[in-house]
Amino acid sequence: MRLTSPVQLLEPPRGHVALVIGFGNPIHITTLTTPDTEGTYDSFLVGPDHPPLITRHDGERTCFEILLSPCTAYELFGGRTQGLDGQVIPLEAFLGDMVNRLTEQLIVAASWEQRFALLETTLTRHLDRQPWQVRDEIRWAWHCLEQSGGAMPVSELVSALGWSHRHFVHSFQHYTGMTPKAAARYLRLARALACIDQSPEEALAAVALECHYCDQSHLTREFHALAGCTPATYRHQCLGHFLPVSPAGARSGFFKTAPAPSA
C-alpha cells in the first residue's frame, strides 16, 4: 500500500498473524476499547486474535501487510508468537537488525516487483534457518478450519486424528496460540469480512447463512464482539473509504451507532 495523505483505518482481527513492514511516516495504533493508549510503529506484528485496532498515520507511507497462518508464524519466529495476547509488537523484537536492513533495501528497490521478491526471499531464507516445526496433524487441522471458514466441528477433527479432545486442544493451542473453538470464531469472522468487502450490497442475512452463523442476529453479536462494531456499521462507515481523522478522545465512540443508509 502506498499512502500519500493522512488516513485512519479500522483493522479487525482476521484469524491470521499480521506482519506489517514499511517506511515513511510511522503508524499510530490504539485499540478501539482503549483509545487513550497509543503506540507508534514502523514495522510490527500482531496476533490472529487481536482486539479491533485503529491505525493512523500523518503523512506519506509505504507498507506491506503479510497475513501468516499461526503455524507458519510459529515456525518463522521460533515459537514466540503464542504469547502475543492481542498486543502489537515491534517487528524488531522478533527479527532484530534484519528489519532495518530489509527496510533499507525496500526503500531503494526500483519497483514493486523487486520489493515483493526481496520480501519473499528474505523471509523464506529466515524460515529455512529456523529449527521449529509444527506437527503435521495441527497444520492439517488448521487447514481444515481455514478452508471451512471456521465451520468444521472440532469433534470431527478430533475423530479424524484419533486423539483425545484434551490432547488435541492442548496441542492446537501450543502451536497457534488459540483454542480450536477460538480459531473457528476468528476464521468465521474473517470470512464474513471478506463477504462484506467483496459484496457490500449483499443482505446481511445472506452473509450470515454463507458464513455459517445461525442467523443475522448471531452474525451481528459475533461481529460486534470481535470487530468492535456491527456489520452494518462496518459496511457503511469503514468499507471502501478511510475513517475520518478525529481527536484522540473522540475515537472511542465512533462506532456506537450506524448511520442511516442514504436513499
Polar side-chain atom of Ser111 near backbone of Gln114 as donor-acceptor pair, under 3.5 Å: yes
Within a radius of less than 6.0 Å around CG of Asp128, do more than 12 heavy atoms belonging to other residues, nucleotides or ligands occur? yes
Given Val99 and Phe94, is the side chain to side chain contact (heavy atoms under 4.5 Å, CB included) satisfied, shown in steps? CA-CA 9 Å; Val99 177; Phe94 293 93; over 6 Å; no
Report the C-alpha distance between Ser217 and Thr220 in whole Å, list the side-chain angles of each, state the deciding distance to 0.1 Å, and finish with yes or no for side-chain hydrogen bond (donor to acceptor under 3.5 Å, both in side chains). CA-CA 5 Å; Ser217 295; Thr220 298; over 6 Å; no
Glu92 and Asn100, any side-chain heavy atoms less than 4.5 Å apart: yes
When rounded to the nearest 0.5 angstrom, what distance separates CD1 in Ile66 from CG in Leu123? 5.0 Å
Test your reading of the model: is there a side-chain donor-acceptor pair from Arg191 to the backbone of Cys211, 3.5 Å cut-off? no
Glu222 side chain vs His218 backbone, donor-acceptor pair below 3.5 Å: no
Determine the minimum heavy-atom distance between Val17 and Pro48, stating which atoms define it. CG2-CD, 3.7 Å
Is there a side-chain contact between Tyr175 and Trp142, using heavy atoms and a 4.5 Å cut-off? no
Honestly curious: do Tyr74 and Val46 fall in one hydrophobic cluster under the side-chain, below-4.5 Å linking rule? no
Between Phe116 and Phe64, is the ring centre distance below 6.0 Å? yes
Rounded to the nearest 0.5 angstrom, the SG-NE2 distance for Cys71 and His143 is 11.5 Å
Given side chain to side chain contact (heavy atoms under 4.5 Å, CB included), test Leu9 with Ile54 step by step and report yes or no. CA-CA 6 Å; Leu9 298 169; Ile54 298 293; over 6 Å; no
Run Glu38 and Arg56 through salt bridge (charged side-chain N to carboxylate O under 4.0 Å, His left out) and show every step you take. CA-CA 10 Å; Glu38 183 176 88; Arg56 173 179 58 85; 3.0 Å; yes
Within a reach of under 6.0 Å around CZ of Arg2, are more than 12 heavy atoms found that belong to other residues, nucleotides or ligands? yes
Determine whether Ile196 and Leu204 make a side-chain contact, defined as any pair of heavy atoms from C-beta on separated by less than 4.5 Å. yes
Considering non-hydrogen atoms only, spot the tightest contact between Cys195 and Val207 and give its length. CB-CG1, 4.2 Å
Can you check side chain to side chain contact (heavy atoms under 4.5 Å, CB included) on His57 and Leu3, steps first, answer last? CA-CA 9 Å; His57 84 98; Leu3 303 172; 3.3 Å; yes
Joint cluster assignment, Phe44 & Leu10, ILVMFWY side-chain distance < 4.5 Å: no
State, to 0.1 Å, how close Leu193 and Pro12 come at their nearest heavy-atom pair, and which atoms those are. CD1-CB, 3.9 Å
Short N-O contact, Glu75 and Arg139, less than 4.0 angstrom: yes
Any residue meeting ring-ring contact (aromatic ring centres under 6.0 Å, His included) with His170, in chain and number order, not counting sequence neighbours: none
Residues Glu146, His16; criterion side-chain hydrogen bond (donor to acceptor under 3.5 Å, both in side chains); working and verdict: CA-CA 10 Å; Glu146 184 178 34; His16 288 71; 2.6 Å; yes
Going by heavy atoms in the side chains, are Pro51 and Leu32 under 4.5 Å from each other? no
Working to the nearest 0.5 Å, report the span between CG of Leu102 and CG of Leu91. 8.5 Å
Using the six-membered ring of Trp112, assess whether NZ or CZ of Arg115 lies under 6.0 Å from its centre and within 45 degrees of the ring axis. yes
Distance-only, no hydrogens or angles: does the Thr176 side chain make a donor-acceptor pair with backbone N or O of Met178 under 3.5 Å? yes
For a quick test of reading the model, state the closest non-hydrogen atom pair linking Gly150 to Leu187 and the distance between them. N-CB, 4.0 Å
Output the distance between atom CD (Gln105) and atom OG1 (Thr121), rounded to the nearest 0.5 Å. 10.0 Å
Do the ring planes of Phe77 and His126 sit parallel (below 30°), tilted (30 to 60°) or perpendicular (above 60°)? tilted
How far does OG1 of Thr55 sit from CZ of Arg61, to the nearest 0.5 angstrom? 9.5 Å
Crowded around Glu120 CD? As in, over 12 foreign heavy atoms under 6.0 Å? no
Under the side chain to side chain contact (heavy atoms under 4.5 Å, CB included) criterion, do Phe223 and Tyr213 qualify, and how do the steps go? CA-CA 11 Å; Phe223 203 101; Tyr213 291 96; 5.9 Å; no
Pick from Ile27, Thr30, Thr31: which one makes a side chain to side chain contact (heavy atoms under 4.5 Å, CB included) with Leu53? Thr31
Derivation and outcome, salt bridge (charged side-chain N to carboxylate O under 4.0 Å, His left out), residues Asp197 and Arg14: CA-CA 13 Å; Asp197 290 344; Arg14 295 179 185 266; 3.7 Å; yes
Under the ring-ring contact (aromatic ring centres under 6.0 Å, His included) rule, collect the residues that match up with Tyr186, sequence neighbours excluded. none
Can you get from Trp140 to Trp163 by hopping between Ile, Leu, Val, Met, Phe, Trp and Tyr side chains that sit under 4.5 Å apart? yes
So, Arg135 side chain and Ser171 main chain: donor-acceptor pair closer than 3.5 Å or not? no
For residues Thr233 and Thr230, is any side-chain donor paired with an opposing acceptor at under 3.5 Å? yes
Please determine whether residues Leu67 and Leu76 belong to a single hydrophobic cluster, defined as Ile, Leu, Val, Met, Phe, Trp and Tyr linked transitively by side-chain heavy-atom distances below 4.5 Å. no
Give the minimum heavy-atom separation between Ala192 and Leu219, together with the two atoms involved. CB-CD1, 4.0 Å
Leu19, Tyr41: one ILVMFWY side-chain cluster at the under-4.5 Å cut-off? no
Between the CZ atom in Phe23 and the CD atom in Glu60, the distance rounded to the nearest 0.5 Å is 10.5 Å
If every non-hydrogen atom of Pro26 is compared with every non-hydrogen atom of Asp42, which pair is closest and at what distance? CB-OD1, 3.6 Å
Would you find a donor on one side and an acceptor on the other, under 3.5 Å apart, between the side chain of Ser148 and the backbone of Leu145? yes
